[in-house]
**Student:** 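Structure incoming, see below.
Proteins get letters first, then strands, A, B, ... in listed order; numbering begins at 1 in each. The analysis underlying the following values was restricted to heavy atoms, covering all of them including side chains, and did not include hydrogens, waters or symmetry mates.
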2 protein chains.
Amino acid sequence: MKELHKFAESEEMYLKTIAEISGHGNLVPVTSIAERLSISTVSASEMVHRLQDRGLLEHTPYKGVRLTDDGLNRAEGILRRHRLWECFLTEHLGLPWKQVHDFACQLEHVSEDALTDALDKHLGSPSFCPHGNPIPPAQGVLEIRETTPLSDLDVGQEGVVLCIREEDGEILDYLDARAVRPGRRVRIEEIAPYDGPRSVLMDGEKQVLGREVAEHILIELVHDDETE
Amino acid sequence: MKELHKFAESEEMYLKTIAEISGHGNLVPVTSIAERLSISTVSASEMVHRLQDRGLLEHTPYKGVRLTDDGLNRAEGILRRHRLWECFLTEHLGLPWKQVHDFACQLEHVSEDALTDALDKHLGSPSFCPHGNPIPPAQGVLEIRETTPLSDLDVGQEGVVLCIREEDGEILDYLDARAVRPGRRVRIEEIAPYDGPRSVLMDGEKQVLGREVAEHILIELVHDDETE
DNA sequence: AGTTAATATAAGGGCATCCTAACTGATGGA
DNA sequence: TCCATCAGTTAGGATGCCCTTATATTAACT
């Protein structure tokens with residue numbers, strides 16, 4: 001009931017997007033920001049300047065963009081809220097993955113600290129969202145896990161699904177329906193020619209996953225001691 | 001993660017505000033909308049025209065504004081979401097009234113039907129928000145209760161608190177601290193001169209409430225058969 | 001080294017929402 | 001009945017975020 005304005009919304013989308021694209025500290029080309037947000041490069045460029053003026057990122061022309069500490073903080077705050085809401089929507093409201101992600105995308109811009117913290121407590125301070133992504137702590141740094149895209153595994157290699165990269169609601173819907181979840185054990189059975197679809201064994205169940213999809217499934221490699 | 005735009009936010013604030021000011025079907029002067037939203041009358045006037053063009057309300061110059069059926073529907077949807085979130089924030093997150101109200105004011109703009117309905121189910125389809133205001137059903141009409149502001153009661157009259165008018169976070173904070181809640185029984189003990197502060201007995205406990213505050217406490221009169 | 005492709009900037013707009021200042025028209029009480 | 005006051009409109013701007021088109025600059029490959 002207070003201010004009608006919404007400074008933050010757009011800004012937050014940029015910060016979040018940049019944080020998501022840049023794995024950790026990588027330079028993010030302005031073009032890829034524009035692409036992910038479905039806006040023109042001109043607009044993205046403009047906004048990058050604005051964000052730079054506000055000290056949230058640094059832009060190296062022709063190279064890309066990197067979040068400052070401030071910007072990274074903000075971005076992690078957004079990811080934290082997003083993922084906490086995802087936990088809530090999944091566990092308590094029982095919504096399907098796609099809706100969970102879409103709704104969380106809106107809720108993430110709304111939550112002040114007091115709300116976020118109360119939600120966190122209510123959920124029992126979870127460490128991971130339903131898609132397996134780590135939830136940044138209220139303060140402190142997000143620790144980094146070593147992950148490999150499923151698409152990088154060779155025939156015979158095995159691993160455990162750690163998380164799904166969740167930039168895109170469509171893919172979540174698809175994987176939700178196929179019961180691809182964090183914690184499941186996968187083994188590549190076959191890769192079709194031309195880097196094509198993977199036949200995988202997931203907890204004993206056979207599945208076929210296209211390469212594009214496989215890129216979004218992040219794996220912790222399991223050393224297959226007998227074979228190696 | 002989809003569209004960056006926010007058509008609805010501002011529009012929704014107007015609709016909600018109009019619905020709140022107009023008890024039921026009363027004409028709402030444009031000035032009072034402007035006042036409540038802390039914007040200039042020019043801006044409010046402008047927006048009223050826009051909303052009229054979209055068929056959400058009708059403006060009678062020099063008289064005021066009335067929501068159309070469409071507009072009322074939209075407004076009730078917003079109130080529904082607001083009050084459902086209030087239930088959640090109170091019962092599950094245990095937040096104090098003021099925060100509950102403020103956060104709900106933001107969350108109300110974010111909830112699509114699927115989310116609202118899931119939330120409703122999760123909460124057990126409550127009929128009233130924590131402040132005692134009725135929650136409009138998903139479809140159908142909100143039934144009207146007969147209420148009297150506490151400020152209208154005379155010395156000796158008794159009633160039960162039905163709800164708190166919740167336009168303003170400050171008042172909620174104040175009443176929260178004084179344990180003024182729906183369901184409590186009140187009796188006016190004394191009214192200070194010049195329509196001043198009321199001394200009331202609330203479930204046996206003595207309280208003093210200013211007239212302004214008393215106007216926001218809505219009462220169901222109890223016929224005191226012995227005295228009357 | 002030179003051309004091409006990627007990237008950045010400039011120029012000119014659009015839309016929604018807000019503002020102030022100045023003006024006009026309606027209402028209602030003395 | 002008339003005038004003060006309240007309500008509404010017009011004009012002229014501002015901001016944030018988006019657009020297209022055109023041009024400049026840099027990077028990268030042959």
Side-chain angles (χ1 to χ4, degrees), chain A residues 1-18 21-22 26-66 71 74-75 78 105-106 108-110, chain B residues 1-18 21-22 26-67 71 74 78 105-106 108-110:
Chain A
M1 206 67 187
K2 280 289 167 52
E3 68 304 323
L4 285 182
H5 286 291
K6 260 281 130 133
F7 339 63
E9 178 107 20
S10 208
E11 176 178 309
E12 289 191 342
M13 287 303 275
Y14 276 87
L15 293 178
K16 179 186 155 195
T17 302
I18 294 166
I21 300 181
S22 141
N26 297 323
L27 279 172
V28 176
V30 177
T31 313
S32 56
I33 304 173
E35 204 175 318
R36 272 282 277 290
L37 293 174
S38 310
I39 58 178
S40 72
T41 58
V42 178
S43 303
S45 205
E46 239 180 23
M47 189 60 168
V48 159
H49 287 322
R50 271 193 288 258
L51 294 175
Q52 182 161 246
D53 292 344
R54 289 177 223 172
L56 296 168
L57 53 75
E58 269 157 33
H59 178 217
T60 319
Y62 299 98
K63 299 289 177 173
V65 140
R66 173 176 291 127
R74 290 282 307 275
I78 301 158
C105 272
Q106 305 187 245
E108 71 193 8
H109 303 295
V110 160
Chain B
M1 209 66 189
K2 280 287 170 51
E3 71 299 325
L4 285 183
H5 287 291
K6 260 282 128 131
F7 340 63
E9 178 107 21
S10 208
E11 176 178 312
E12 289 191 342
M13 287 303 274
Y14 276 88
L15 294 178
K16 179 187 157 196
T17 302
I18 294 167
I21 300 181
S22 141
N26 297 323
L27 280 172
V28 176
V30 176
T31 313
S32 55
I33 303 173
E35 204 176 318
R36 273 280 278 289
L37 293 174
S38 309
I39 58 178
S40 73
T41 58
V42 179
S43 303
S45 205
E46 241 178 22
M47 190 58 168
V48 160
H49 289 321
R50 273 194 285 260
L51 294 175
Q52 183 161 244
D53 291 346
R54 289 178 223 172
L56 296 169
L57 53 76
E58 269 158 32
H59 178 216
T60 318
Y62 299 99
K63 298 290 176 169
V65 141
R66 174 176 291 128
L67 294 178
R74 289 284 306 274
I78 301 159
C105 272
Q106 305 187 247
E108 71 193 8
H109 303 295
V110 159

**Student:** Whole angstrom is fine here: how far is it from CG in A:Asp53 over to C1' in D:dG16?
**Tutor:**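 Answer to the nearest Å: 14 Å.
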**Student:** Given D:dT9, C:dT17, C:dA10, identify the nucleotide with an atom nearest to the side chain of A:Val42.
**Tutor:**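 Selected nucleotide: C:dA10.
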**Student:** Side-chain N or O of A:Thr60 versus OP1/OP2 of C:dT7: is the shortest distance under 4.0 Å?
**Tutor:** no
**Student:** Expressed in angstrom and rounded to an integer, what is the separation of A:Ile33 atom CD1 from D:dC17 atom P?
**Tutor:**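 Taking atom P of D:dC17 as the reference, CD1 of A:Ile33 is at 15 Å.
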**Student:** Return the value, rounded to whole Å, for the distance between atom CE of B:Met13 and atom P of C:dC18.
**Tutor:**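 So the two atoms are 10 Å apart, to the nearest Å.
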**Student:** Considering only side-chain heavy atoms of B:Ser45, which listed nucleotide, D:dG8, D:dC19, D:dA27, is closest?
**Tutor:**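 Minimum distance to the B:Ser45 side chain belongs to D:dG8.
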**Student:** From the set C:dC19, D:dG8, D:dA27, return the single nucleotide nearest to any side-chain atom of A:Lys63.
**Tutor:** D:dA27
**Student:** Ignoring backbone atoms, test whether A:His59 places a side-chain nitrogen or oxygen under 4.0 Å from the OP1 or OP2 oxygen of C:dT7.
**Tutor:**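 No, because none of the side-chain N or O atoms of A:His59 sits under 4.0 Å from OP1 or OP2 of C:dT7.
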**Student:** So B:Leu57 and B:Arg66, do their side chains get closer than 4.5 Å, heavy atoms only?
**Tutor:**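 No, too far: nothing below the 4.5 Å cut-off.
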**Student:** Just how far, in rounded Å, is P of C:dT7 from OH of A:Tyr62?
**Tutor:**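 Between P of C:dT7 and OH of A:Tyr62: 10 Å.
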**Student:** Between A:Pro61 and B:Pro61, who's closer to the 5' end of DNA chain D by nearest nucleotide?
**Tutor:**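 Nearest-nucleotide comparison on DNA chain D picks B:Pro61.
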**Student:** What's the closest nucleotide to the side chain of A:Pro29 if the choices are C:dA10, C:dT7, D:dG8?
**Tutor:** C:dT7
**Student:** Rounded to the nearest Å, what distance is computed from the CD atom of residue A:Glu11 to the P atom of nucleotide D:dC17?
**Tutor:**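 That distance rounds to 8 Å.
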**Student:** Please report the distance, rounded to the nearest Å, between CG in B:Leu27 and P in C:dA26.
**Tutor:** 18 Å
**Student:** Please check if atom CD in A:Gln52 has more than 12 non-hydrogen atoms from other residues, nucleotides or ligands closer than 6.0 Å.
**Tutor:** yes
**Student:** Taking any heavy-atom pair under 4.0 Å as a contact, classify A:Thr31: base, sugar-phosphate, or nothing.
**Tutor:**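 Since only primed, P, OP1 and OP2 atoms lie under 4.0 Å of A:Thr31, the category is sugar-phosphate.
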**Student:** Holding to side chain to side chain donor-acceptor pair (under 3.5 Å), I want the full list of residues that pass it with A:Thr31, two or more places apart in sequence or in another chain.
**Tutor:**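 For A:Thr31 there are no side chain to side chain donor-acceptor pair (under 3.5 Å) partners, ignoring immediate neighbours.
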**Student:** Please give, in whole Å, the distance from D:dC17 P to B:Glu9 CD?
**Tutor:**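 B:Glu9 atom CD is separated from D:dC17 atom P by 14 Å.
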**Student:** Choosing from C:dT7, D:dC19, C:dT17, which nucleotide comes nearest the side chain of A:Ser43?
**Tutor:**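 So the side chain of A:Ser43 is nearest to D:dC19.
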**Student:** Any idea which of C:dT9, C:dC19, D:dC19 is nearest the A:Ser40 side chain?
**Tutor:**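 Within the option list, the nearest is D:dC19.
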**Student:** Using only side-chain N and O atoms of B:His49, determine if any of them is under 4.0 Å from OP1 or OP2 of D:dG8.
**Tutor:** no
**Student:** On the nucleotide C:dC18, are OP1 or OP2 found under 4.0 Å from the side-chain N or O atoms that B:Tyr14 carries?
**Tutor:**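 For C:dC18, OP1 or OP2 has a side-chain N or O of B:Tyr14 closer than 4.0 Å.
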**Student:** Are any of the side-chain nitrogens in B:Glu11 or B:Arg50 under 4.0 Å away from the carboxylate oxygens of its partner?
**Tutor:**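 No salt bridge links B:Glu11 with B:Arg50.
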**Student:** Would A:Leu15 and A:Leu56 satisfy side chain to side chain contact (heavy atoms under 4.5 Å, CB included), going step by step from the backbone distance to the final call?
**Tutor:** CA-CA 8 Å; A:Leu15 293 178; A:Leu56 296 168; 4.1 Å; yes
**Student:** Measure the distance from CE on A:Met47 to C1' on D:dC18 and round it to the nearest whole Å.
**Tutor:** 11 Å
**Student:** Does a side-chain N or O from B:Arg50 land closer than 4.0 Å to OP1 or OP2 of C:dC15, or not?
**Tutor:**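 Result: no.
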**Student:** Does the side chain of A:Val65 come within less than 4.5 Å of A:Ile18's, by heavy atoms?
**Tutor:** yes
